[in-house]
Q: 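Can you read through this structure? Questions will come right after.
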Amino acid sequence: MVGLVLSLALGACNSKPKHADPAIWHVAGPGGEEAWLFGTIHAAPAPLAWNTPPVAQALDRADEVMVEVANIADDAAVAQAFASLSRTPGLAPVAERVPAARRKTLRDMLAARDIREADLRDVETWAVALTLARPESGSDAGNGVDRAVLASASNKRVVELEGASAQLSIFDRLPEADQRDLLDAVLSDAGALDDEADLVDVWRRGDMARIEAETRTGLLADPELRAALFTDRNRRWMTRIAAEMHEGHRPFVAVGAAHMAGPDGLPALLARAGYTVTRLD
């Protein structure tokens, strides 16, 4: 999720792609239905050689691509969606929306990102959290694998699971108490935000056990946030994927790798719904 917002102001990097062996699954239905589930990463410090033989074969056999946001490479459109939802006049100062023990971390993170607290006067709490969740440096949404999948599948039908406005509206609809929990989680996890290279390496190895462990930390450790940002969305997506297969389509589903992890991930949900789900080597 946060990778969507990170794409607003980051440019592309042209270094040599790094080898990857990301996780991909084949889904088969009792009537010959087919789909593929590919866990992406939304941003990385360098380009990634994501298009392995299993991924390339799956993408070739699919007749459509399903993604979270179809125009994710349109930074201006995504920025406009963010701007249209993120401001409300008369909000309390940001420092008053965090526990006293977090205020120094808040000041430090704002300074590191060259953001003045006054600039966030009317910015809603969820939007402050996503703004601060951007690492100080290193990660680049231009290297995001979801963007690369869309570019490689330009001749296929694209099915959008949410869209930028709908995705950001999930945050916007959170009660203020949950928005403050989100901001507190970002502040409490500040040290990990600038160590994304490790998580990129986890994705490159296809280490779903480690990715699943990450889905139980930070903001996703909060039950309300986990439901709104993770489990509820996965259930909606699973229903949409199944509907596409039932209609005779063969979707290549490319969404954030966390959505593939554990008993609440898409592979597990589709398996419980009666499909045969096989991870491909």
Q: Cut-off 3.5 Å, side chains only: do Glu33 and His246 have a donor facing an acceptor?
A: no
Q: When you group the ILVMFWY residues by side-chain heavy-atom contacts below 4.5 Å and let the links chain together, are Ile211 and Val277 in the same group?
A: yes
Q: Please walk me through it: do Arg87 and Asp172 pass salt bridge (charged side-chain N to carboxylate O under 4.0 Å, His left out)?
A: CA-CA 10 Å; Arg87 290 185 175 271; Asp172 192 49; over 6 Å; no
Q: Could you tell me whether Arg157 atom CZ has more than 12 heavy atoms of other residues or ligands within 6.0 Å of it?
A: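 Count over threshold, so yes.
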Q: Backbone N or O of Gly256 within a donor-acceptor pair of the Glu68 side chain at under 3.5 Å?
A: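 Pair found, side chain donor or acceptor close to backbone of Gly256.
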Q: Please check this pair: side chain of Arg121 against backbone of Pro93, looking for a donor-acceptor N/O pair closer than 3.5 Å.
A: no
Q: Under the 3.5 angstrom rule, does the side chain of Arg272 hit a backbone N or O of Pro263 as a donor-acceptor pair?
A: yes
Q: To the nearest 0.5 angstrom, please state how far the CG atom of Leu110 sits from the CG atom of Asp119.
A: 9.0 Å
Q: Determine yes or no for a side-chain-to-main-chain donor-acceptor pair under 3.5 angstrom, with Asp264 supplying the side chain and Thr231 the backbone.
A: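 No, the answer is negative, given that no donor and acceptor are paired below the 3.5 Å cut-off.
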Q: Would you check if the side chain of Thr239 reaches a backbone N or O of Arg235 as a donor-acceptor pair within less than 3.5 Å?
A: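 Yes; judged by distance alone, with no hydrogens or angles, the pair exists.
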Q: Would you check if Leu37 and Ile24 make a side-chain contact, meaning some heavy-atom pair closer than 4.5 Å?
A: no
Q: Do Leu183 and Trp126 have side chains that approach each other closer than 4.5 Å (heavy atoms only, starting at C-beta)?
A: no
Q: Are Met245 and Glu34 packed together at the side-chain level, in the sense that at least one heavy-atom pair is separated by less than 4.5 angstrom?
A: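 No. Closest side-chain heavy atoms not under 4.5 Å.
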Q: Would you kindly confirm whether Val202 and Val255 end up in one hydrophobic cluster when ILVMFWY residues are joined by side chain heavy atoms under 4.5 Å apart?
A: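 As far as the 4.5 Å side-chain criterion goes, Val255 and Val202 are connected within one cluster.
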Q: Using the benzene-type ring in the case of Trp, are the ring centres of Trp25 and Phe252 under 6.0 Å apart?
A: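 They do not qualify: ring centres at least 6.0 Å apart.
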Q: Rounded to the nearest 0.5 Å, what separates atom CZ in Arg107 from atom CG in Leu187?
A: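 The CG atom of Leu187 is 11.5 Å from CZ of Arg107, to the nearest 0.5 Å.
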Q: Are Trp50 and Ser152 side-chain neighbours, meaning at least one heavy-atom pair lies under 4.5 Å?
A: yes
Q: Under 4.5 Å between side-chain heavy atoms, hopping through other hydrophobics if needed: is there a path connecting Met260 to Val159?
A: yes
Q: Side chains of Glu64 and Val158, heavy atoms from C-beta outward: is any pair under 4.5 Å?
A: no
Q: So, does Trp203 use its side chain to make a donor-acceptor pair with the main chain of Gly39 at under 3.5 Å?
A: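 Between the backbone of Gly39 and the side chain of Trp203 there is a qualifying donor-acceptor contact (under 3.5 Å).
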Q: To the nearest 0.5 Å, how far apart are CZ in Arg102 and CG in Asp184?
A: 4.5 Å
Q: Around atom NZ of Lys18, are there more than 12 heavy atoms from other residues, nucleotides or ligands closer than 6.0 Å?
A: no
Q: Does a donor on one side chain and an acceptor on the other come within less than 3.5 Å for Arg180 and Thr125?
A: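 Thr125 and Arg180 do not have a side-chain donor-acceptor pair below 3.5 Å.
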Q: Can any side-chain N or O of Thr278 pair as donor or acceptor with the backbone N or O of His26 at less than 3.5 Å?
A: no
Q: Same hydrophobic cluster for Ile115 and Met109, using side-chain heavy-atom links shorter than 4.5 Å among ILVMFWY?
A: yes
Q: If only atom types and distance count, is the side chain of Asn51 paired as donor or acceptor with the main-chain N or O of Ala56 below 3.5 Å?
A: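 A pair under 3.5 Å: yes.
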Q: Below 4.0 angstrom, N of the basic side chain to O of the carboxylate: do Arg233 and Glu162 qualify?
A: yes
Q: Under a 4.5 Å cut-off applied to non-hydrogen side-chain atoms, are Leu182 and Phe171 in contact?
A: yes
Q: Under 3.5 Å, is there a donor-acceptor pair between the side chain of Asp63 and the main chain of His249?
A: no
Q: Using every non-hydrogen atom in the two residues, find where Glu160 and Ala70 come nearest and quote the distance to one decimal.
A: OE2-N, 2.8 Å
Q: Any chance you could measure Arg279, atom CZ, to Met208, atom CE, to the nearest 0.5 Å?
A: 7.0 Å
Q: Val145 and Leu280: same hydrophobic cluster, using ILVMFWY side-chain contacts below 4.5 Å?
A: yes
Q: Would you say Gln179 and Glu124 are linked by a side-chain donor-acceptor pair, where the criterion is simply a distance under 3.5 Å?
A: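 There is no such pair (donor and acceptor under 3.5 Å, judged by atom type) between the side chains of Glu124 and Gln179.
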Q: Find the distance between CD1 (Ile170) and CZ (Arg173) and round it off to the nearest 0.5 Å.
A: 6.0 Å
Q: Is the backbone of Leu225 close enough, under 3.5 Å, to the side chain of Asp222 for a donor and an acceptor to pair up by distance?
A: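 Checked: pair present.
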Q: Look up atom CG in Asp207 and atom CD in Glu212, then write down how far apart they are to the nearest 0.5 Å.
A: 11.0 Å
Q: Any side-chain heavy atom of Pro22 within less than 4.5 Å of one from Arg204?
A: no
Q: Is there a side-chain contact between Ile72 and Leu150, using heavy atoms and a 4.5 Å cut-off?
A: yes
